[in-house]
Amino acid sequence: MWPDFYYYGNFIHKPMKIATYNVNGVNGRLPVLLRWLNETSPDVVCLQELKAPQEKFPLSAIQDAGYNAIWHGQKSWNGVAILAKSNLEIKELRRGLPDDPDEAQSRYIEASVNGIVIGCLYLPNGNPAPGPKFDYKLRWFEQLTLHAQKLLTYNVPVVLTGDFNVMPTEQDVYKPERWVDDALFRPEVRAAFKNLVAQGWTDALRKLYPEETIYTFWDYFRNAYGRNAGLRIDHFLLSPDIEGRLLAAGVDKQVRGWEKTSDHGPVWIELADK
DNA sequence: ATGGCATTTAAAAAATGA
């Protein structure tokens, strides 16, 4: 039996471009965000690391750029949002995970847009590891995995995307040997990602580019972007009901080279109409 | 191997990040 939310709203028959972007401060990066929206025109955008309380989300600027938005803010840290072009309805399905390990941290928001369930997540960093932050990361990952399993039982199109803070394989790190003890690359975390994907999800960028070096993050230090010393930590996971619609995917790498930019680049996929 | 940079909050320096 399909849940009611699948039938929600107007369905517009068009290819859908969905993007994810860890903005690292939605107000500090607002000029960069607006320029990127204007230049690339995604239909749906998942944002992470708003670093803004609920009332400081720059809604009017985003509306002026042609987008609706829902968001889950938090003072100073974290914060996630889903944007959709003004002609697309956003039906919020939940904020926070079921049995969220810490309700005070705004790391998950989920909505239905044009017949697709969009889960927007900001998985904890987890450093230093081992330690309480690493334990929290693993607990959060467990709850995400349980929720992801639940979503699959609906047999509807689901896109789980955001900053997973995990490099899935050595292919996703410029110098893997330097990261083996880091919370983004430790065996437990890679195993957790692998375990999640094994439920039946498709890693969209890897599916289209199995051999390529793809990065989504470049440190501010040591000219990491100039040297292409990056990490692939922002991901798109597609449910079986939508993975066949995958047309294209990429990283808007040039945005990382702009002034006052995030240390992440925007990542996107394009999906065929149903 | 280390430290390098950038954000927010709030008024200097701490906490956080990856």
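All values below come from the heavy atoms of this structure, side chains included, with hydrogens, waters and symmetry mates left out. Numbered from 1 within each chain, the chains take letters A, B, ... in sequence-line order.
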Measuring only the C1' atom in each nucleotide, how far is B/dG17 from B/dG3? A whole number of Å is fine.
15 Å
Could you tell me how far B/dA14 sits from B/dA10 if I compare only their P atoms? Round to whole Å.
16 Å
Would you jot down, in residue-number order, the residues of residues 52-61 of chain A having a non-hydrogen atom under 4.0 Å from DNA chain B?
A/Pro53
What is the nucleic acid contact for A/Asp182, judged by heavy atoms within less than 4.0 Å: base, sugar-phosphate only, or nothing?
nothing
Any sub-3.5 Å donor-acceptor pair from A/Arg190's side-chain atoms to A/Thr169's backbone N or O?
no
A/Asp163 near the nucleic acid: base, sugar-phosphate alone, or nothing, with a heavy-atom cut-off under 4.0 Å?
sugar-phosphate
Nearest heavy atom decides the nucleotide; on that basis, is A/Thr261 or A/Ser76 closer to the 5' end of DNA chain B?
A/Thr261
Starting the side chain at C-beta, find the nucleotide from B/dT7, B/dA18, B/dG17 nearest to A/Asn22.
B/dA18
Taking N and O atoms by type only, does the side chain of A/Asp219 place a donor or acceptor under 3.5 Å from a partner on the base of B/dA18?
no
If you measure from the P atom in B/dA18 to the same atom in B/dA6, how many Å do you get, rounded?
16 Å
At under 4.0 Å, does any side-chain N or O of A/Asn127 touch on OP1 or OP2 of B/dA18?
no
Which of these nucleotides, B/dC5, B/dT7, B/dA18, is closest to any side-chain atom of A/Lys260?
B/dT7
What's the gap between B/dA12 and B/dT2 when it is taken at their P atoms, as a whole Å value?
33 Å
Side-chain hydrophobic cluster, 4.5 Å single linkage: members besides A/Val45
A/Tyr21, A/Val23, A/Val26, A/Leu30, A/Val32, A/Leu33, A/Leu34, A/Trp36, A/Leu37, A/Leu47, A/Leu50, A/Phe57, A/Leu59, A/Ile62, A/Tyr67, A/Trp71, A/Leu83, A/Val255, A/Trp258
Decide side-chain contact (heavy atoms from CB on, under 4.5 Å) for A/Arg232 and A/Asp203; before the verdict, give the C-alpha distance in whole Å, the side-chain angles of both, and the deciding distance to 0.1 Å.
CA-CA 12 Å; A/Arg232 189 173 76 99; A/Asp203 178 340; 3.0 Å; yes
Quick one: which of B/dA18, B/dC5, B/dT16 gets closest to the side chain of A/Lys133?
B/dT16
Quick test of your reading of the model: are A/Lys207 and A/Glu243 salt-bridged, counting only N-O distances below 4.0 Å?
yes
Rounded distance in Å between the P positions of B/dA15 and B/dA11:
15 Å
Closest approach to the side chain of A/Trp77, judged atom by atom: which nucleotide of B/dA18, B/dT2, B/dA15 is it?
B/dA15
Of the options B/dA18, B/dT2, B/dA6, whose atoms approach the side-chain atoms of A/Arg178 most closely?
B/dT2
Taking all heavy atoms of A/Asp252 and all of A/Thr40, pick out the closest pair and write down the distance.
OD2-CG2, 3.8 Å
Is A/Tyr122 touching bases, backbone alone, or none of the nucleic acid, heavy atoms closer than 4.0 Å?
sugar-phosphate
Using the closest heavy atom to pick a nucleotide of DNA chain B for each, name whichever of A/Asn24 or A/Lys75 lands nearer the 5' end.
A/Asn24
Is the CD atom of A/Glu55 crowded by more than 12 outside heavy atoms at less than 6.0 Å?
yes
Checking contacts here: which listed nucleotide (B/dG17, B/dA6, B/dT8) is nearest the side-chain heavy atoms of A/Lys51?
B/dT8
Determine, step by step, whether A/Gln48 and A/Thr20 satisfy the side-chain hydrogen bond (donor to acceptor under 3.5 Å, both in side chains) criterion, reporting the C-alpha distance in whole Å, the side-chain angles of both residues, the deciding distance to 0.1 Å, and the verdict.
CA-CA 8 Å; A/Gln48 302 86 35; A/Thr20 190; 2.9 Å; yes
Per side chain to side chain contact (heavy atoms under 4.5 Å, CB included), A/Trp201 is matched among A/Leu152, A/Leu238, A/Val159 by A/Leu152
Write down the distance between CZ (A/Phe221) and C1' (B/dT16), rounded to a whole number of angstrom.
11 Å
